[in-house]
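We name chains A, B, ... by the order of the sequence lines, and we start the count at 1 in each one. These numbers were taken from a predicted model, which means no experiment stands behind them.
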Protein chains: 4
Amino acid sequence: MKRVEKKTSRAERKARRPDEILVAAFEVFAAKGYAATRVEDVAARLGITKGTIYFYFPTKEVLFQETFRHASTSYTDLSTAIGSLRGSTADRIRALLLISYESTANDRKTGELLRLSLAEGIRFPEAVDCYHGRFITPTLAALAALIEQGVKSGEFCQHAAACARDVLASSIFQVAVWRLMFADRTPVDSKALLEAHIDLVMSGLVQRSEPRY
Amino acid sequence: MKRVEKKTSRAERKARRPDEILVAAFEVFAAKGYAATRVEDVAARLGITKGTIYFYFPTKEVLFQETFRHASTSYTDLSTAIGSLRGSTADRIRALLLISYESTANDRKTGELLRLSLAEGIRFPEAVDCYHGRFITPTLAALAALIEQGVKSGEFCQHAAACARDVLASSIFQVAVWRLMFADRTPVDSKALLEAHIDLVMSGLVQRSEPRY
Amino acid sequence: MKRVEKKTSRAERKARRPDEILVAAFEVFAAKGYAATRVEDVAARLGITKGTIYFYFPTKEVLFQETFRHASTSYTDLSTAIGSLRGSTADRIRALLLISYESTANDRKTGELLRLSLAEGIRFPEAVDCYHGRFITPTLAALAALIEQGVKSGEFCQHAAACARDVLASSIFQVAVWRLMFADRTPVDSKALLEAHIDLVMSGLVQRSEPRY
Amino acid sequence: MKRVEKKTSRAERKARRPDEILVAAFEVFAAKGYAATRVEDVAARLGITKGTIYFYFPTKEVLFQETFRHASTSYTDLSTAIGSLRGSTADRIRALLLISYESTANDRKTGELLRLSLAEGIRFPEAVDCYHGRFITPTLAALAALIEQGVKSGEFCQHAAACARDVLASSIFQVAVWRLMFADRTPVDSKALLEAHIDLVMSGLVQRSEPRY
DNA sequence: CATGAATGAGATTTCATTCAT
DNA sequence: CATGAATGAAATCTCATTCAT
């Protein structure tokens, strides 16, 4: 019977439509920016027509905002990740930053969100808010929490820890910006760069008044 | 008398027009992005009409490219700056990064160029090339030169120096991205952030007289 | 009831639109030439808007080319006409030229195509090719075929027949040009002119073995 | 001294300017048509600027009309030519048509005037009037005069002569149209075509009292 | 006289949005 | 629900025309 073969029923399909649209829209918006993206481009990517998109989203502007929100949501939840980390505080920070990196490296979405935030931030402040709330705040909070632990445990020197949070976070931005700008022309070993960054910062962060080991 | 008041003759005006246009165009392009900028916006900012802009630049696309190039050109020349730096290598690196920071902080142009590079890089690869050539390459070269001096003089440990260049450079990106995104909402003390970054990295970079391990 | 009155469904309308546009466009292009025709003029003639035209044709240039091609296509097919002609070869040639004349006289299209070919030929060489292929080549071929028959049957003298084809064809051009230039100012009896032309040429063409007078 | 070398004084140059402009304008108008011709194109061809053209001609429209008039004026004066013709009436007609042909063949101007008349005739009826008055009317008059002489002298048969004028004239149009359309693609031996045309028409025109063959 | 910078009206073209089917 | 023909506002670009120099 037909029904058996058909894996996605009409109802299922319908339920997924908005998400499908948001996914497709994200790709186009990320690649071309808001103004240069045509609603039809998004539709074409799904093999549907403009009209269908307008059935789910009232305007292009709303489509953009929902798209941005949707794309931000799927970001790996750091607060759960942080609980499962093991090892010294330094190891856990390193692991945390690598998790961020991986999520960026795998689906590029995080990087593209950064691009969109920067590119469209002036016209869509909510997008920046969203990016900030979903990505930056949790990352900074997680880092801050880990650093505090390190200070308490004596691993980190109090003084350096004060602004270590932002400095560590910058490693993520560095890699993201690097990839956005030179993606296809100057391939960079992002992971090595990230780890070097972490190493250098860490070595300035660890307590050193006496022999370390 | 009219004549007396008129400070700019027609000839003078003409000679300055292209530059005036490029300056105005940069502001609008930086604020709205390529696609959302209307040629008329640029004209209005100068109190002239579209036609005048098309008299000097054949298309909006060319206007953008020239604008980008023009804005990139005025970036503080690091190779001259580097010669006038004094003090220890660490001091000179610090000074160099602060120069970059100042140029960004004062006219925002550097930051906006970064924004445009990221936002329009896909459609205007030459813009990225330009930004790369004018800004990133000289900065990295200057840093690399200084680091090498530090290694030779024994100030920096060989091992850490290997990737210090990129890590130091990331401080600039961090500040720039931060300012671009949160300019008016979460004012950041960029200078403090930058100096903290440098401090941390430096402390991981300097040669330490006793064994680390 | 609305439904009853509406003779043309949306689907029917859509199917006819391209042709409707091409017909309207031909009239305007023929009357004003390519450059002086505004796309809006064509739209207005159909009671639609510019946008609709651009929905079917990507540019004004393509619209012109398609229009020309479309207008050329409907020209009376001479190769079928030639088969149904009766009488002496001279009679059949006369009939053939009159068929050409009638098609010109009735819808003016042939004449206007000539005007467009001449007027826009430099910018649209394909238009000339098209006119040549659809109109001139078949006419000349048909005439040549008939003349050859006349020579074989002994009706025409070999010598004169050599270039009779072009000379007979010129009668068509003469009438067409005449009508194009003086259409509304010096009305000419085109038919009489054409027949006189044919008579004169024919009398030079026919084999005469005995005194005419 | 400079003056000696300078062949054209400023005054001379000034006096020729309008004519120079009209000559250049004709070439551009003929090649591109009225609407597609920019005033600047005409200026560029003379190495001067738009402003100068506007000094001599108030609008582009006037420039076109003057240009057309000017180009028509230089047409070989047939009424003087006709007096100097010798030989039989048939010979003189042949010679007259060849004179027309030569003037066309040499400077192409006559052909281009025809093109412009047809292309712009609807918007510039005066251009057609001008072409008619300067070219067609004299040609037809000259032909009619010669034909009448031929009839009086018994060379031509009365009957055929009635419309011989237009038929003979058509040979000129045929050649002109042919050259305009196929100038560079299907080079035609215009002169042979013209002479064949004349031969055929003449042989239908001449009085024949005895067997031709 | 000649120049050419500047204007502004108007033409081509694009595209978000609507709505009858 | 989905479609896609149609709209119309707006953007890019052109060019005849003007006028200060």
Side-chain angles (χ1 to χ4, degrees), chain A residues 10-11 13-14 17 35-43 46-63, chain B residues 2-3 6 9-15 17-18 35-41 43 46-63, chain C residues 2-3 6 9-15 17-18 35-41 43 46-63, chain D residues 10-11 13-14 17 35-43 46-63:
Chain A
R10 177 185 295 266
R13 178 132 219 110
K14 173 185 158 187
R17 262 287 141 80
T37 293
R38 289 178 303 152
V39 174
E40 205 160 10
D41 293 337
V42 177
L46 291 170
I48 61 177
T49 58
K50 286 178 301 204
T52 306
I53 294 188
Y54 277 95
F55 180 79
Y56 294 102
F57 304 93
T59 66
K60 185 186 171 187
E61 224 161 283
V62 168
L63 175 63
Chain B
K2 259 184 186 171
R3 296 285 170 199
K6 212 196 294 185
S9 74
R10 192 187 184 87
E12 283 175 300
R13 182 117 229 138
K14 182 206 160 173
R17 262 289 137 79
T37 294
R38 290 178 305 148
V39 173
E40 204 160 11
D41 293 339
L46 292 170
I48 60 179
T49 60
K50 287 174 294 180
T52 304
I53 298 204
Y54 279 97
F55 183 77
Y56 291 98
F57 303 94
T59 65
K60 185 185 169 187
E61 222 161 283
V62 168
L63 175 63
Chain C
K2 258 183 186 171
R3 296 285 170 198
K6 212 196 290 183
S9 75
R10 192 188 185 88
E12 284 175 297
R13 180 118 231 137
K14 181 205 160 175
R17 263 289 137 80
T37 294
R38 289 177 308 147
V39 173
E40 203 159 13
D41 293 339
L46 291 170
I48 61 179
T49 60
K50 287 174 293 180
T52 304
I53 298 203
Y54 279 96
F55 182 77
Y56 292 98
F57 303 95
T59 64
K60 185 185 171 188
E61 223 161 285
V62 169
L63 175 62
Chain D
R10 178 182 293 267
R13 179 131 219 112
K14 174 184 159 189
R17 261 289 141 79
T37 293
R38 289 179 301 152
V39 174
E40 206 160 8
D41 293 337
V42 177
L46 291 170
I48 61 177
T49 59
K50 286 178 300 204
T52 306
I53 294 189
Y54 276 94
F55 181 78
Y56 293 102
F57 305 93
T59 66
K60 186 186 171 188
E61 224 161 284
V62 168
L63 174 63

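Rounded to whole angstrom, the span from the NZ atom of C:K60 across to the P atom of F:dC13 amounts to 17 Å. Rounded to an integer number of Å, the gap from C:Y54 OH to E:dT17 P is 22 Å. To the nearest angstrom, C1' of F:dA6 lies 13 Å from CG of C:L46. For D:E40 and E:dA5, the CD to C1' distance is 11 Å, given to the nearest whole Å. Nucleotide F:dT7 holds its C1' atom 13 Å from the CD1 atom of C:I53, rounded to whole Å.
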Could you give the side-chain donor-acceptor pairs of residues 55-62 of chain B under 3.5 Å, partners two or more places apart or in another chain?
unit_1: B:T59; atom_1: OG1; unit_2: B:E61; atom_2: N; d: 3.4
unit_1: B:T59; atom_1: OG1; unit_2: B:V62; atom_2: N; d: 3.1
unit_1: B:K60; atom_1: NZ; unit_2: B:Y34; atom_2: O; d: 3.1
unit_1: B:K60; atom_1: NZ; unit_2: B:T37; atom_2: O; d: 2.8

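For C:K50, the side chain to side chain contact (heavy atoms under 4.5 Å, CB included) partners are C:E40, not counting sequence neighbours.
If you check every strand for non-hydrogen atoms under 4.0 Å, D:F55 touches sugar and phosphate atoms only.
Each of D:G47 and A:A36 was matched to the nucleotide of DNA chain E holding its nearest heavy atom; the match closer to the 5' end belongs to D:G47. Place C:E61 and B:R17 on DNA chain E by their nearest nucleotides, and B:R17 ends up nearer the 5' end.
In plain terms, the two heavy atoms of A:A36 and A:D41 that are nearest each other are O-OD2, 4.3 Å. The minimum heavy-atom distance linking B:A43 with B:T49 is given by the pair CB-C, 3.6 Å.
Phosphate contact (OP1/OP2 of E:dA6, side-chain N/O of B:Y56, threshold under 4.0 Å): present.
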Listing time: all N or O pairs from protein to nucleotides 8-10 of chain F that are below 3.5 Å?
unit_1: F:dA10; atom_1: N6; unit_2: C:K50; atom_2: NZ; d: 3.4

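Candidate nucleotides E:dT7, E:dT17, E:dT3 were compared by shortest atom distance to the side chain of B:I48, and E:dT7 ranks first.
Between the CD1 atom of B:I53 and the CD1 atom of B:I48 there is a distance of 4.5 Å, given to the nearest 0.5 Å.
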Checklist outcome for this item: Each base of DNA chain E marked ( ) or [ ] if paired in-strand (Watson-Crick or G-U under 3.5 Å), | if paired to another strand and . if unpaired gives .||||||||||||||||||||

Checklist entry - After noting the C-alpha distance and the side-chain angles of A:V39 and A:V42, does the key distance pass the side chain to side chain contact (heavy atoms under 4.5 Å, CB included) rule? => result CA-CA 5 Å; A:V39 174; A:V42 177; 5.5 Å; no

